[in-house]
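Before any comments, here is the structure.
Index from 1, following the sequence.
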Amino acid sequence: MRKHVGDLCLQAGMLQDSLVHYHMSVELLRSVNDFLWLGAALEGLCSASVIYHYPAGTGGKTGARRCQGSSLPAEAANRHRPGAQEVLIDPGALTTNGINPDTSAEIGRAKNCLSPEDIIDKYKEAISYYSKYKNAGVIELEACVKAVRVLAIQKRSMEASEFLQNAVYINLRQLSEEEKIQRYSILSELYELIGFHRKSAFFKRVAAMQCVAPSISEPGWRACYKLLLETLPGYSLSLDPKDFNKGTHRGWAAVQMRLLHELVYASRRMGNPALSVRHLSFLLQTMLDFLSDQEKKDVTQSLENYTSKCPGTMELITLPDGLVLPPVPFTKLPIVRRVKLLNLPASLRPQKMKSLLNQNVSTKSPFIYSPIIAHNRGEERNKKIDFQWVQGDVCEVQLMVYNPMPFELRVENMGLLTSGVEFESLPAALSLPAESGLYPVTLVGVPQTTGTITVNGYHTTVFGVFSDCLLDNLPGIKTSGSTVEVIPALPRLQISTSLPRSAHSLQPSSGDEISTNVSVQLYNGETQQLVIKLENIGMEPLEKLEVTSKILTTKEKLYGDFLSWKLEETVAQFPLQPGKVATFIVNIKVKLDFSCQENLLQDLSDDGISVSGFPLCSPFRQVVRPRAESKPVNPPEGSKPGDPSHVKNKASLRHGDVSEMGTPACVLRASAQPPLRKTLHTLEAILNFKYSGGPGHVEGYYRNLSLGLHVEVEPSVFFTRVSTLPATSTRQCHLLLDVFNSTEHELTVSARSNEELVLHAGECQRMAIQVDKFNFESFPASPGEKGQFASSEQLEEERQEARGLEINSKLDVRWRIPSLKRTGEASVEGLLNQLVLEHLQLAPLQWDVLVDGQPCDCEAAACRVGDPVRLEVRLTNRSPRSVGPFALTVVPFQDHQNGVHNYDLHNAVSFVGSSTFYLDAVQPLGQSACLGALLFLYTGDFFLHIRFHEDSRSKELPPSWFCLPSVHVRALEAQA
C-alpha cells in the first residue's frame, strides 16, 4: 500500500510525500523479500529523485539540474501530512565523526531525495530485481531506458552503454514487427544520445532491415531506405563525393560498401532507378580503392544494367524529405594525372608584329620594378599560358590518364568543359587497356569567339554515366595553367610543290619547325623551277604574303642567288578567298665552285694523265699538287714546263698548237679509264611564308609557314686550267679554259658567239673565247657601308668576286647534256687569279694608233707607194693621276716569217718630219695626241714598232700601262 500511495503522490506532483512513501515501502518490502515490488519501489524512488534533480525532464540531451540546497515550493510543503515529517537517515551519508561535511547534501537527504549517484545505483538494484522474473522483461527494459537517459544527462556514457547492452539481451516474447522496429529505433536513439554513433547506426540499420523482414507481407522499402540514410553519419559516410577528396579515408570501408549496396537495392525496390544509379555510381567512385577485381567487374556490370534503362546524369536528386543528393562525376574512371594545354602547330601559331609587341605593356606604376607587381604577375602566369589560340582553329588539350580497372575501359563522349569563350567541343571516344599506366589523350575543340578561355575540366560517359569532371576537384593533378587567350581568326595556308617530299628532315639551329620538306637533285650550274601552290584552307581571306629565304650553314662556296622569285605575280591574285589556290614560282640555281678538286687531280693522275701542267687557278683555293708517290713527268724538249700544250696520256693523246686566235689546243681522253669518284654536295635552305588576313590581320597578327628544301648537287664540268693569250687588238684577249666532263654522259659546252664543244664522259678539252677587256677601275673601291669596317683582305676578295661576276656574265659559258635534256651554267667565278685578271683588264692608259684617220688595231692598213701616210698616236688617261709627258719613236720593220726581222729600211720607208713623237702631260680622264707622216717607197707589208723613251716619268709607271697596238701597213703599187 505504501508503494501505491507513493505512486499516487508522484502522479499528483507531491514529490516530498512520494519520496517518503517510497522509502518506507522499500524498507518494508526489503524485509519480506518481495523483489518484484521492491524493484518497483526503487524505480519509483529513482523517478521522484530524477524529477527533483532534473525538473526539465530527461527527454533531451541535457537537463536542468536542481541545486540540492533548494527547497520545494511552499504550497507543496503545506500539503504534507503530519506524518510526513518523519526523517529517514542514511547511515552511509555520515562521516566517521557523525557529521556530514556537505550541508546542502544533508538537507537534501533529510528530504529523502537520492543523490545523482544514488539514482543510478538504485536503478541497477531495481533492474537486478526485475531480471529475476521472466515476465518482467518489459518493465526491466523500461527501467534500463530511464537509467540511460539519466546517465546521458550526467554525461556518463560508458555506464549508460552497460545499461543499453543489458537492454539488448532482455528477452521480450511475441513482439510484433512494428514493436521490434520501434525497439531497435529507440536503442539507436539512445546510443546516439550518449555519443555512440556507430552503435546507433548499427541498430538503426537493424531496424531498417526489420522493415523488410520476410515475415512482413508488404515490406516497407521506403521506411527501410529512410532509416538507411539516417545510418550514414554513424559510419562516417557522406553522399557528397567532394568529402572523399579531403585527406585519408574515414570509416570502415567494408561496412560502408555493404551499406551502399543496401541503399542501391532499397532504391531499386522502391522503383527509383535514377536513385539506384546515383548510389551505385557513388559506390564505384568513392570505394574504388577498396574493391577487389571481381567486385569491380560485378559493380560495373550492375551499373551498366541500370544505366541501360536510366542513364546517369549530373542533375541534383531531391528526395521527398528534402534531402538533396549531389551528382557523382567519375573522376577516377579514368584517373587524370596531368592536364596540359597544347600550343598550335608551328605552322599555325599566331605571331605579333614587332611594331605592336610593346603596345599592351602596363604603365600604371611609375617604377621600373616593384616586388608587388612582380608577385601579382607571377601568380597570373601560373594560371595563364604564354601562347594564344586562334578563333575558328582546332585547339588541343592533352590529358595523361590512367585506367585503374582490371579490364578494358571504354570512355565515350569525352570532351572539354570551358568558360569565358563560346567553345565547340569535339567529343572523342577512347579505349584504355587494363591498368594501362599513364596514357596520353588529346581532347580538341574550336573556339567560336575571341577573349580569354579557361579550361575548367572535361566530361565523359563511362558505363552509361555522364560526368562533368572539374579540375579543381581532381586530387593530385598537375597543370601548367588552364587559361589562354583566343585571338581573332586568321587564314590558313597549305602548300604543295612540284618536287617530291624529302626523307631528310631539316633541323635549323633556330629551332623553327619545318612543315614540309622537299628534295631535288641537280647538276652544278643547273637551274630548276619550284612550283608552289598556295591554297587557303581557312575561313578568312589571305590578304598579305611575305616570302623570305634562309640558307643553312654550308661548307661550300655558293655563287649567285641560290633562290630567286618574283612575288608580284602571286600577290596580284590577292586577296585569296577561302578554297582558292595561287601559284608561286621559285627558281633554284646552284652554282658551286667549278675549279678542279683534289680527288679529280688524283683520278687524272691514276689514269696516266700528267697534271703538273694543270694548276688550279681558283684564288679561294690553294694549288693542289700531285700526290707525293706520283713521279714527275719530264717535259719533251722544246716545250716549257707549264705550257698548256704539254699533255701526256698513256692511252691516247692528240696534240695541237694554240694559235694566236686561240683555237682548241689539246684533247685529253683516257680510252679505258674507270669512272671518277663523284662528290655529292648538299645544299639546304628554308623558305618562310609570312601571311595574314581577316580580323587577325587587323589586330596585328600573322602566321609563318616554312618549307624545307634539300638539294643534292652533282658535279657537271670542271675547269682544270684557266689562262690567257693576247689577241690582235689591245682591247681584246683570248681566255683559254680547259674543261673536264665529270658526268657519265656526253656533254656539250658553249660560250657566247662560240661553237659547241663536245665532251665525252671523263674527257678534257680546251676552249678559247675571245673577249673584250674589262675596265675594272669603274668598280667601286668600297663594296658598301661595311667597307669601312672590313679588312683589306676582305675588300680585295670582294673586288675579285665582283670582277669574276662581270666576266662570267660576259662569257656566258653553258653546258648541255642532250641525253637527259638538261642544261646549266658553267661559272668562272672564283677561278680567276690575279694574273689572269690583269690580262683581262684594260690598261689605265689607252693608246690608239690611227693610219690616215682609221684605227689600226686588228687589220692591216692599206696605202699607195709614194703617197704620204698620216700617223696619229692618241693617249686617253683613265687613271686617277696625271701622266706624261712622253717621247715615242716609231721604228718600221719587216717580218720575214722565219724569225728574222729586218730593221734596215732606210731606202724603203721615209719619214716626213721626225720619227720621234712628243706627248704633253695628260690629266685624269684627259686626252692627248701627236701627229706624223710616213712615205713608203716600195710595195710590201711593213710593221711599225712604237718604242718609248725611258725616263724618270715612264719608269714610275708599270710596263703594262705602255701597251700599244701593233701597226701593220700594206703598201700597194701606185695607181697609173
Side-chain angles (χ1 to χ4, degrees), residues 659-662 724-734 773 838-839 841-877 883-920 922 927-972:
S659 67
E660 293 182 356
M661 298 303 295
T724 58
L725 281 179
T728 55
S729 173
T730 58
R731 299 192 180 187
Q732 291 181 335
C733 71
H734 293 284
K773 290 187 177 182
E838 288 180 1
H839 291 170
Q841 181 178 5
L842 282 172
L845 299 183
Q846 186 64 45
W847 301 89
D848 297 305
V849 178
L850 289 79
V851 178
D852 286 338
Q854 298 296 324
C856 185
D857 194 8
C858 298
E859 299 179 357
C863 66
R864 298 291 177 178
V865 175
D867 293 341
V869 178
R870 187 177 59 182
L871 182 66
E872 180 183 358
V873 179
R874 185 180 301 170
L875 171 61
T876 303
N877 184 11
V883 295
F886 301 111
L888 301 87
T889 299
V890 180
V891 179
F893 68 94
Q894 281 187 317
D895 187 0
H896 295 297
Q897 301 295 326
N898 57 359
V900 177
H901 294 173
N902 181 16
Y903 288 92
D904 188 11
L905 300 178
H906 298 290
N907 299 325
V909 180
S910 176
F911 283 90
V912 180
S914 175
S915 61
T916 301
F917 297 82
Y918 294 94
L919 287 173
D920 297 330
V922 183
Q927 195 175 45
S928 179
C930 58
L931 299 175
L934 293 89
L935 187 64
F936 292 93
L937 305 178
Y938 297 96
T939 60
D941 290 334
F942 298 91
F943 296 91
L944 301 180
H945 176 60
I946 302 176
R947 184 176 58 192
F948 286 88
H949 291 193
E950 292 186 2
D951 54 11
S952 59
R953 296 189 177 275
S954 61
K955 288 182 179 180
E956 293 176 357
L957 303 177
S960 60
W961 287 28
F962 302 96
C963 182
L964 274 73
S966 177
V967 181
H968 182 195
V969 180
R970 182 170 294 152
L972 304 176

Assess whether side chain to side chain contact (heavy atoms under 4.5 Å, CB included) is satisfied between Phe917 and Leu871, documenting all intermediate values.
CA-CA 10 Å; Phe917 297 82; Leu871 182 66; 4.0 Å; yes
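- Contact check on Arg874 versus Glu872 returns a salt bridge, with a Lys/Arg side-chain nitrogen under 4.0 Å from an Asp/Glu carboxylate oxygen.
- Val900 and Asp895 get closest at one heavy-atom pair: O-OD1, 3.7 Å.
- Heavy-atom neighbours of Arg947 CZ from other residues, nucleotides or ligands within 6.0 Å: at or below the threshold of 12.
- Within 6.0 Å of atom NE2 in His896, more than 12 heavy atoms from other residues, nucleotides or ligands are found, so the atom counts as buried in its surroundings.
- A pairwise comparison of heavy atoms in Leu919 and Ala929 identifies CD2-C, 3.6 Å as the closest pair.
- In this view, Phe893 and His901, Tyr903, Phe943 satisfy the ring-ring contact (aromatic ring centres under 6.0 Å, His included) rule, not counting sequence neighbours.
- Between Pro892 and Leu944, some side-chain heavy-atom pair lies under the 4.5 Å cut-off.
- Considering all non-hydrogen atoms of both residues, Phe942 and Ala908 come closest at CE2-CB, 4.2 Å.
- Closest approach of Asn877 and Val883 over heavy atoms only: ND2-CG2, 3.8 Å.
- The two residues Asp852 and Pro868 have their closest heavy-atom pair at OD1-O, 4.3 Å.
- Taking CG of Leu934 as the start and OG of Ser910 as the end, the distance is 8.0 Å to the nearest 0.5 Å.
- For Tyr938, the ring-ring contact (aromatic ring centres under 6.0 Å, His included) test picks out no residue, with sequence neighbours left out.
- Considering every non-hydrogen atom in both Phe911 and Val890, the closest pair reads CZ-O, 3.4 Å.
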